[in-house]
Student: 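The structure is given below, and queries will be raised subsequently.
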Amino acid sequence: MKTVFDKTDFLIIGGGVAGLRAAIEVAPHGSVLVLTKDKPAESSTGYAQGGIAVALSDEDEVGIHYEDTIKAGDGLCREDAVRILVEEGPEVILELISWGAEFDKEGRRLAFTQEAAHSRRRILHAHGDSTGRELERALVSKVRTFSDVRRYDFAFTVDLIIEDGRCVGALVLRDKEVIPIYAKAVILATGGGGQVYSRTTNPPVTAGDGMAIAYRAGAVLEDMEFIQFHPTTLYSPSAPQFLLSEAMRGEGAILKNINGERFMPDYHSMSELASRDIVARAIISEMVKTNARHVYLDLRHLDKDFVRRRFPRIYSTCLQFDIDITEDLIPVSPAAHYFMGGVKTDLEGQTTVKGLFAAGEVACTGVHGANRLASNSLLEGLVYGARTGMAAVNWGMGNGEWGLEKYKSHKLKSANWNIDIEKIRSSLRRIMWDKAGIIRCKESLTEATEWLKQWNFTLREGVFGRKELELKNMLTIANLIVDSALLREGSIGAHYRSDFKERGESWQRHILCQEGREIKWTE
Ligand code: SIN
């Protein structure tokens, strides 16, 4: 029978760590529907290697984790949000272990590794370098213990349904059919938008859809200029842009230019363990100096058995491309990795639109400021996924309503234009990488704006298919990144302007974007 519309108490868009953790929180209170854009495991969580930061070791304290996070955020973290992250972190990890998550151990004790800008070894990991997968496995098996949780896979969210300023559901594309799904509370957990850059560690699903649909629904987005670039992804024409975890440098790997010279000590006293923005820019500078497209990561001096045991997934993946990480230099270059900005929320995940909540990378809780401390994102997904779930329960059981059901399902007509979507997508990604990437300036950003204007015009109207809708979302967030990066005339955290190398006058403020309004600074 044809579905006219669907109904659930809680609609969760996204099935990574934040979405699953939120689902566990809301499930005892009503019916839940979790949407994933692709197959269930296809989210950034499943690709997370290095681990999850938490102050649980004997030599660590939450206060030190707090200080490291604030320092990495370069003065722009929201302090109360960071305090919640580090204080609630140990509890959510122990809870996850009680649900069956297995982290690596040394003897009977949890094993902690080191990553850049952490002043303690505090990163938990699982199966060496498959931490995200283990988190997902444990969360999915916990979600399965609730009877009233449904899941739609390959479901693309076209738009949110807004009635009287409240979010009451979403229009969702499945098998060419757009189905309205009404909900008392909607939680966005769609991850980031790395695909807007031609080099990215993110899986293909991360097109910034959640940020774009929230923007169209009137929500405020914050600090879209802060994109973190991971210094080390595999660089080989025949291989995918595979992440080479920072934990490799934490365990002693070093960076060399193509002439075989170690260079990081010339850039920073922390050498390879300086913060990601510093290492990424140093790599770019060495690539320019040596006229090369990559530098090398070198683990050859480390014990081979240790390397194979500690990084089994990276070892076997590189081997598929004829690189033995215990014996060969690994060609690497930086890639877009994480959005610090996103849909603005309060400490409970409430966005500026009633009934709409957000958690994980799509959200901007303020914990990461201008630069995220490595391995804080999975922790944020757990801590704020749970808090957001709780807030959605309070809203849904109090003010939440199902809406007027004015939308009915309809077939999506296929787009009938002479527009080469793949070409625009690829050009967009290249322009963003070249003009609004690791190093930006007014001239490069203005050039990007000109390209974006053309594509905005091309895609301004028409009947859209899924690919076109996704491209439109990418274009929306590309515009917001470029506009915010132009406005911030200064260099702070991951945002580096070669024409304004100092922090700039307004550095302590945030940038807000809302559809139909001028992009503006916070007071
Ligand atoms: C990595 O393993 O290097 C990525 C971890 C993170 O981005 O937090």
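Each ligand, and each atom within it, is numbered from 1 in the order the structure gives.
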Student: Check for me whether Arg276 has a heavy atom closer than 4.0 Å to any atom of ligand 1.
Tutor: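 Right, Arg276 reaches ligand 1.
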Student: Evaluate salt bridge (Lys or Arg N to Asp or Glu O under 4.0 Å) for Asp298 paired with Lys256, printing each intermediate quantity in order.
Tutor: CA-CA 7 Å; Asp298 189 357; Lys256 291 182 172 170; 2.8 Å; yes
Student: Taking atom types as modelled, find out whether His510 and Asp223 have a side-chain donor-acceptor pair closer than 3.5 angstrom.
Tutor: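 Checked: His510/Asp223 side chains pair up, N/O donor to acceptor below 3.5 Å.
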Student: Decide if the gap between the ring center of Phe226 and the ring center of His368 is smaller than 6.0 angstrom.
Tutor: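 Between Phe226 and His368, the centre distance exceeds or equals 6.0 Å.
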Student: Give yes or no for whether the N/O distance cutoff of 3.5 Å, strictly under, is met between Gly50 and ligand 1.
Tutor: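 Right, the criterion is met.
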Student: Which ligand 1 atoms, with their elements, are less than 4.0 angstrom from a heavy-atom of His337?
Tutor: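 Listed by number with element: 4 (C), 6 (C), 7 (O).
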Student: Considering Ala247, Ser377, Ser245 one by one, which has a heavy atom nearer to atom 1 (C) of ligand 1 than any of the others?
Tutor: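 Considering heavy atoms of Ala247, Ser377, Ser245, the nearest to atom 1 (C) of ligand 1 sits in Ser245.
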Student: Please identify which atoms of ligand 1 are closer than 4.0 Å to at least one heavy atom of Glu246.
Tutor: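 Those of ligand 1 that fall under 4.0 Å from Glu246 are 1 (C), 2 (O), 3 (O).
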Student: Of all the heavy atoms in Met248, does at least one lie under 4.0 Å from an atom in ligand 1?
Tutor: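 Met248 does not count as a contact of ligand 1 under the 4.0 Å cut-off.
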Student: Would Gln228 count as a contact of ligand 1 if the rule is a heavy atom under 4.0 Å away?
Tutor: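 False for this residue.
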Student: Do you see a donor-acceptor pair shorter than 3.5 Å between the side chains of Ser333 and Arg199?
Tutor: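 Their side chains do contain a donor-acceptor pair, which is all the 3.5 Å distance test asks for.
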Student: For Ile227 and Ala336, work out which heavy atoms get closest and say how close.
Tutor: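 Heavy atoms only, the tightest pair is CG2-CB, 4.5 Å.
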Student: Does a donor on one side chain and an acceptor on the other come within less than 3.5 Å for Arg300 and Thr326?
Tutor: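 No, Thr326 and Arg300 have no side-chain donor paired with an acceptor closer than 3.5 Å.
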Student: List every atom of ligand 1 that sits less than 4.0 Å from any heavy atom of Ala374, numbering the atoms from 1 in the order shown and giving each element.
Tutor: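 Listed by number with element: 8 (O).
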Student: Nearest to atom 8 (O) of ligand 1, what protein heavy atom do you find, and at what distance?
Tutor: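 Looking only at protein heavy atoms, the one closest to atom 8 (O) of ligand 1 is Ser375 N, 2.6 Å.
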Student: Check whether any N or O atom of Asn376, backbone or side chain, sits under 3.5 Å from an N or O atom of ligand 1, and answer yes or no.
Tutor: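 By distance alone, the answer is no.
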Student: Does Arg429 qualify as a cation-pi partner of Tyr197, given the criterion of NZ or CZ under 6.0 Å from the six-membered ring centre and within 45 degrees of its axis?
Tutor: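 Pair Arg429/Tyr197 does not count as cation-pi.
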